[in-house]
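In what follows, a structure is listed as structure tokens, so that the remarks can point back to it.
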Amino acid sequence: MPELPEVETTLRGIAPHVVGQQISQCVVRETRLRYPVPPLLPTLIVGGEIAAIWRRGKYLLFAIGGGHLLVHLGMSGSLRIVAKGTPPGRHDHVDLELESNLCLRYTDPRRFGVISWVEGDPLRHSLLCSLGPEPLTENFSGEYLYQLSRKRKVPVKSFVMNANVVVGVGNIYANEALFLAGIHPLRQAGSLSQKAYGRLADTITVVLAAAIEQGGTTLRDFVGGDGKPGYFSQSLNVYGRGGQPCVRCGRPLQKDRLGQRTTVYCGYCQR
DNA sequence: ACGAAGCCCTGCAAGC
DNA sequence: TGCTTGCAGGGCTTCG
């Protein structure tokens, strides 16, 4: 379940091994991801150099020639550096072999991820053009959330998980940030005060930054290693703790379904 | 324009 | 033990 911290950690982990490298071969074993992997992908990128990697929301962008390789890890995807010639497993769908002895391998058991190609300015791509601000930049603030939420009736949790509002706030961190801000997840987005959104913007920022920090230590080695996500080892206050005592007041945490997502909160501490 | 629901997919855990 | 069932969920698409 890669959330933004894990995507950022992946970026930092693989960048030293792939930036500046020429792609010597591209092997696509499975094209059925969220969208079909472009049949011409190998033709488009083999021989090209990965000039840079960057991130927009949970999308990774590899600058190659006049376009970008667009990668999303979905629910279960990962990118790992393996030695060239490492036998592929059942869910190792795409390999980018580099001029070094290394190979960038995309693995995704549930196939919710994306591997696509964008010609020209990637930010104009339909998947990226309407994304909200990055939560760890100054474009994101309580004032921004407050203004955008006026007259919105969706639950505030759904509001902050909407990538068109702000990118990178997945289910785990939405639950955690709302708990830390003392805000009930089912509150209508438009009913929250500017002060409440100030707290929420702060807790979103803090939780994501802390997770990136932790992911950075847990996932430092992207060559070899097991690739286990780091955020599970961080202390989660509510996620996965339905029915257990609230760390603040001791009352049992409530667990609801909101949309299709599990929502855990303290009905006493979160108003 | 907004909001709710559906869908994609496999691994894992729980229940019978 | 081996089957079936339900759940996990990001994010796009469809429908009201």
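Order of the sequence lines fixes the chain letters, A, B, ..., with proteins taken first and strands second; residue numbering starts at 1 for each chain.
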Residues clustering with Val27(A) (ILVMFWY side chains joined when closer than 4.5 Å, directly or via others): none
Let me have the donor-acceptor pairs involving side chains of residues 123-134 of chain A, under 3.5 Å, with sequence neighbours excluded, atom names and distances please.
residue: His125(A); atom: ND1; partner: Leu127(A); partner atom: N; Å: 3.0
residue: Ser130(A); atom: OG; partner: Asn164(A); partner atom: OD1; Å: 3.4
residue: Glu134(A); atom: OE1; partner: Arg55(A); partner atom: NH1; Å: 2.9
residue: Glu134(A); atom: OE1; partner: Arg55(A); partner atom: NH2; Å: 3.3
residue: Glu134(A); atom: OE2; partner: Arg56(A); partner atom: NH1; Å: 2.9
residue: Glu134(A); atom: OE2; partner: Gly57(A); partner atom: N; Å: 2.7

Bend angle of the helix from dC2(B)-dG16(C) to dC16(B)-dG2(C), from helix axes over five pairs at each end, nearest 10°: 50°
Set of residues satisfying side chain to side chain donor-acceptor pair (under 3.5 Å) with respect to Gln188(A), sequence neighbours excluded: none
ring centroid sep under 5.5 Å plus plane angle under 30, Phe112(A) with dG10(C): yes
Sugar-phosphate, base or nothing in reach of Arg32(A), heavy atoms under 4.0 Å: nothing
Partners meeting side chain to side chain donor-acceptor pair (under 3.5 Å) with Asp95(A) (sequence neighbours left out): Arg29(A), Arg105(A)
DNA chain C contacts made by residues 115-136 of chain A, counting heavy atoms under 4.0 Å: Leu127(A)
Between C1' of dC9(B) and CE of Met75(A), the distance in whole Å: 10 Å
Touch class at under 4.0 angstrom, heavy-atom based, for Tyr59(A) against every strand present: sugar-phosphate
Residue whose closest nucleotide on DNA chain B lies nearer the 5' end, Arg261(A) versus Val154(A): Val154(A)
Distance in angstrom units between Glu3(A) CD and dA8(C) P, rounded: 15 Å
Residue of the set Leu253(A), Val238(A), Leu186(A) for which side chain to side chain contact (heavy atoms under 4.5 Å, CB included) holds with Tyr265(A): Leu186(A)
